[in-house]
Amino acid sequence: MSIQLYNTLTGRKQKFESAEPGRVKMYVCGPTTYNYIHLGNARPLVVFDTLRRYLEYRGYEVFYVQNFTDIDDKVIKRAQEEGQEPLKVANRYIEEFFRDADALNVKRASLYPRVSEHIEDIIAAVQELLRRGYAYRAGGDVYFEVEKFPDYGRLSGRNLDEMRAGARVEVNADKRNPLDFALWKAAAPDEPAWESPWGQGRPGWHIECSTMSLKYLGSGFDIHGGGADLIFPHHENEIAQAEAQTGQPFARFWLHNGFITVKEEKMSKSKGNFFLVRDILSRFNPLAVRLYLLSTHYRSPVDFDDERLIAAEKGLERLQNTRRLLQEASDRLRRGSEETAPSQEKAAALRAQIERLKNEFVAAMDDDFNTARAIAAFYELAREINTYLHGGAALEAEVIELATATYEQLGEDVLGLLGRSQQQASAELVDSLMELIISVRQEARQRKDWATADAIRDRLKDLGIIIEDTPHGSRWKRSQG
RNA sequence: GGCGCGGUGGCGAAGUGGCUAACGCCGCGGUCUGCAAAACCGUUAUGCGCCGGUUCGAAUCCGGCCCGCGCCUCCA
């Protein structure tokens, strides 16, 4: 009954225990904010969000940090193309990021630190690396010297000799070793720059993540996640920087999700075969996209294909139907329209199934976060509940309550697949409808069509809604009783 | 060249030594239903890339081969 997670650092599943009892600290590399996110960006978002939800379900308090890379070559390039300030461009895409993430039912992280707001911290980190002899200056640049860090290559499972043999590393005369990487880059004339001990410049890519994760989570935090393409060099470099800087182990568990592929090929920006989440969401139910992403184990590749999205939509519909049927059943019970005595036998049978499937769900999730197996158990749960509801016997209130609570807990709290309930949706719809009615009435009043305006107010009053006109517009409330 | 992942029914996808190979989608048949929808039941792999081997027993372990993909370079 313990959680096992595959740790890239050790190459095997390990029992997960948080460093601090009851509290998990996790960091997931976020997007570079120069465009809408694509499906490949969405996978870690959904996967680690679900991991976070599961850990919370298992009773942990989770402190979840996700960064935004808002200073970077691509942001700068984009800004130049658009003739805008880089930070403005970044801000805009951060807003768009939240729209997509919200649609995918991704819970907000505890904190979203941005590079541009942590320049001081980064400069301090680079200074410390220089002081400790792990870094060197070359003109206005500062590089990390990989030879000085004996463990370099541990995460990605290679050593310096092997990597040099790869010979695909760009030659740079300023570097002592081709694999040395920039901690600080001198700025070109038109680029955003900050004053530093090495002149005007900006941070390298890797230093931001180690600096911000150390700042908010401290050395030895529990989980560091991201896409598998970040293992090398990004995460390798983070480890080198952080451990060289602090002399302490950096993160305890390294988790990496597999790629999204298109026709079996990796979806990537450089290949140009990527699909924006924004476009996908315009054609498919966002929660179906979420279901599709969780239907495969997080470390395996997932191929993007319309047919699979359609299948996911169908599956989702079934899962959401069960929730609706449960809602109807409890409404019926509340109205007291059940005439015969409930079947204790059938209720007991459902109770046993709920127990069994919930255990299966938890066992699957405990085993390296096997959402595919967990979802299978959830489908079975839906079927068992449907069978009971459809069985013709009188319903028993307590088992309906148990079924509803369990279904909601696994399906929404953990998997995030059910979305807003019927009740929440209705409440929101009422708000929107009232807004609509009030604006129609407002138009009538502007025309001085008092008859229509008064008729609307009177008829709403009959429905138990009171309109109050004020100098700033109209507001509404429900009448008492 | 180095390192690594994967090939399971029509399509996806679990399963890593032993009940009838989960689960979803699609198709077909049925139950229910005024109709429709929803829901439920049945049905689809004597077989898990190919060839050998180990074992009482393998999709699961070992060896070889074929095929697809990834990382080694910005990428989630």
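Chain naming here is simple, since letters A, B, ... match the order of the sequence lines and numbering starts at 1 in each.
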Novice: I'd like to know if A:Arg278 and A:Asp100 make a salt bridge, using a cut-off of under 4.0 Å between side-chain N and carboxylate O.
Specialist: yes
Novice: Rounded to whole angstrom units, what separation is found between the CZ atom of A:Arg318 and the P atom of B:C23?
Specialist: 10 Å
Novice: Taking the minimum atom-to-atom distance to the side chain of A:Met267, which one of B:A76, B:G24, B:G70 wins?
Specialist: B:A76
Novice: Starting from P on B:C26, measure out to CG on A:Leu309 and report it in whole angstrom.
Specialist: 14 Å
Novice: Over all strands shown, is A:Gly258 touching base, sugar-phosphate only, or nothing at heavy-atom distances under 4.0 angstrom?
Specialist: base
Novice: Using a 4.0 Å heavy-atom cut-off, does A:Asp229 contact any base of the nucleic acid, only the sugar-phosphate backbone, or nothing at all?
Specialist: base
Novice: Rounded to the nearest Å, what distance is computed from the CD atom of residue A:Glu265 to the C1' atom of nucleotide B:G70?
Specialist: 11 Å
Novice: Within the 3.5 Å criterion, strictly below it, is a donor on A:Asp121 or A:Thr211 matched to an acceptor on the partner's side chain?
Specialist: no
Novice: On RNA chain B, does the nearest nucleotide to A:Pro233 precede the nearest nucleotide to A:Thr322 from the 5' side, or the other way round? Give the residue.
Specialist: A:Thr322
Novice: Given atom CG of A:Asn159 and atom P of B:G1, what is their separation to the nearest angstrom?
Specialist: 18 Å
Novice: Generate the contact string for nucleotides 2-21 of chain B. Rules: B means base contact, S means sugar-phosphate contact only, - means no protein heavy atom under 4.0 Å.
Specialist: B---------SSSS------
Novice: Under 4.0 Å between any heavy atoms, over every strand shown, what does A:Lys271 touch: base, sugar-phosphate, or nothing? Just pick one.
Specialist: sugar-phosphate
Novice: Do A:Ser270 and B:C74 share a donor-acceptor pair, side chain to base, under 3.5 Å?
Specialist: yes
Novice: Need the pair for B:G4. Rule: Watson-Crick or G-U wobble, both distances under 3.5 Å, any strand; none if unpaired.
Specialist: B:C69
Novice: Answer with base, sugar-phosphate or nothing: what part of the nucleic acid does A:Lys314 contact at a heavy-atom distance below 4.0 Å?
Specialist: sugar-phosphate
Novice: Do you see a donor-acceptor pair shorter than 3.5 Å between the side chains of A:Glu317 and A:Asn285?
Specialist: no
Novice: Rounded to whole angstrom units, what separation is found between the CG atom of A:Leu316 and the P atom of B:A38?
Specialist: 14 Å
Novice: Can you tell me the distance, in whole Å, between the CD atom of A:Glu380 and the C1' atom of B:C40?
Specialist: 15 Å
Novice: Which class fits the ring pair A:Tyr134 and A:Phe144: parallel under 30°, tilted 30 to 60°, perpendicular over 60°?
Specialist: parallel
Novice: Out of B:A76, B:C40, B:C69, which nucleotide sits closest to the side chain of A:Asn386?
Specialist: B:C40
Novice: When the C1' atoms of B:U44 and B:A37 are considered, how many whole Å apart are they?
Specialist: 26 Å
Novice: Picking from B:A76, B:C72, B:C25, which would you name as closest to the side chain of A:Ala311?
Specialist: B:C25
